[in-house]
2 protein chains.
Amino acid sequence: MQADKGISSMNQKKKKQLEARARIIKALAHPTRLFIVDELSGGEQCVCELTKMIGDDISTVSKHLSVLKQAGIVEDEKRGLQVWYSLRVPCILNFFGCIESVLEANAKQAREAVGR
Amino acid sequence: MQADKGISSMNQKKKKQLEARARIIKALAHPTRLFIVDELSGGEQCVCELTKMIGDDISTVSKHLSVLKQAGIVEDEKRGLQVWYSLRVPCILNFFGCIESVLEANAKQAREAVGR
DNA sequence: CATATATTTGGTTATTTTGCCAACTATGCA
DNA sequence: TGCATAGTTGGCAAAATAACCAAATATATG
């Protein structure tokens, strides 16, 4: 028994829960995908438009969108030739407030480390 | 000009900001590290105790802690033989509320997809 | 039907991340 | 001083990611 690695003494349920959370957070953990989420906070966008803004190959953008969709962060709808993406769970945005305060704390500490 | 890849038309400042955010989110994007953050929300812990709970090699746990520290999410303090870690920016916890609602939305959709 | 546009998918290579072991550092204590 | 305990660091192999190109799909239109 206990062939698994990590967090091994924990009950299986809590372990699954942590893995599920990590999958979603991982989906957000890329600059391009953060850009997309930020952009979609202003309303839906089609892949072509996002691709123009991002500047990567469209296949790369499409794969980023697929990661976000897979995680349940965005949803898509095909209309004619285009596919439109939108945020599925907008609270994702609050999220950034805290990230920002980590960054501020880091910056503050960096200033203090230099002497001011 | 514009040798960079991705989000290429964006101004440099916004780009840096997205990268900084992604770095922090990436630090959270692992089940073990989520476990640690969750654990530290109840107060500081030493590496030895976290290691017992997690069940990985202590060097593995130490590296996870180092990732979190590097990102500015936790801080450490050596006391005698032990090193105690604590959350540096507790708002990180709010964070999880939204992750949870993504998971719930996913689960709901999965149920509906099955026909109920 | 043939063609053009929008997007996804498959395949490949390069890079990053994980996790373990071994070696090293730091601290406390006999 | 010598030994034990707690943690970090270096090194390595395996696994996961990322980005590009080419090929495949799907839809609209002449």
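Just the heavy atoms: all of them, side chains too, but no hydrogens, waters or symmetry mates, feed the values below. Treat the numbers as computed from the prediction; the structure is a model and nothing was measured.
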Could you verify whether a donor N or O on one side chain and an acceptor N or O on the other, from A/Arg88 and B/Asn106, lie under 3.5 Å apart? yes

Specify the residue among B/Glu49 and A/His30 whose closest nucleotide of DNA chain D lies further upstream toward the 5′ end. B/Glu49

A/Ile92 side, atom CD1; A/Asp38 side, atom CG - distance, nearest 0.5 Å: 12.0 Å

Of the listed nucleotides D/dC20, D/dG7, C/dA6, the one nearest the side chain of B/Val83: D/dG7

Short side-chain N/O contact to C/dA6 OP1/OP2 from A/Tyr85, under 4.0 Å: no

Rounded to the nearest 0.5 angstrom, the CG-NZ distance for B/Leu50 and B/Lys52 is 10.5 Å

Measure CD1/B/Ile54 against C1'/D/dA6 and give the value in whole Å, please. 15 Å

Base contacts versus sugar-phosphate-only contacts with protein, heavy atoms under 4.0 Å: please encode nucleotides 24-30 of chain D as B, S and - from 5' to 3'. --BBS--

Checking side-chain contact (heavy atoms from CB on, under 4.5 Å) for the pair B/Val89/B/Ile73: CA distance, chi angles, key distance, verdict? CA-CA 6 Å; B/Val89 188; B/Ile73 295 167; over 6 Å; no

Expressed as a whole number of angstroms, how long is the span from A/Gln82:CD to C/dA4:P? 19 Å

Quickly work out the B/Glu19 CD to C/dT16 P distance and round it to whole Å. 13 Å

Return the value, rounded to whole Å, for the distance between atom CG of B/Asp56 and atom P of C/dC21. 11 Å

Between NZ of A/Lys52 and P of C/dT7 the distance, given in whole Å, is 9 Å

Indicate yes or no: does A/Lys63 engage A/Asp57 in a salt bridge with an N to O separation below 4.0 Å. no

Without swapping roles, check the side chain of B/Asp56 against the backbone of B/Thr51 for a donor-acceptor pair under 3.5 Å. no

Length of the line joining B/Asp57:CG and D/dA6:C1', which is rounded to integer Å: 13 Å

Above 12 or not: heavy atoms from other molecules or residues under 6.0 Å from CD of A/Glu19? yes

For the pair made of CD1 in A/Ile36 and P in D/dA18, what is the distance, rounded to whole Å? 12 Å

Under-4.0 Å salt bridge between A/Arg79 and A/Glu77: yes

Please check: side-chain N/O of A/Arg33 versus main-chain N/O of A/Ala27, any donor-acceptor pairing under 3.5 Å? yes

The correct set of residues in residues 58-76 of chain B placing a heavy atom under 4.0 Å from DNA chain C is B/Ser59, B/Thr60, B/Lys63, B/His64

Separation of D/dA18 P from B/Lys26 NZ (nearest whole Å): 7 Å

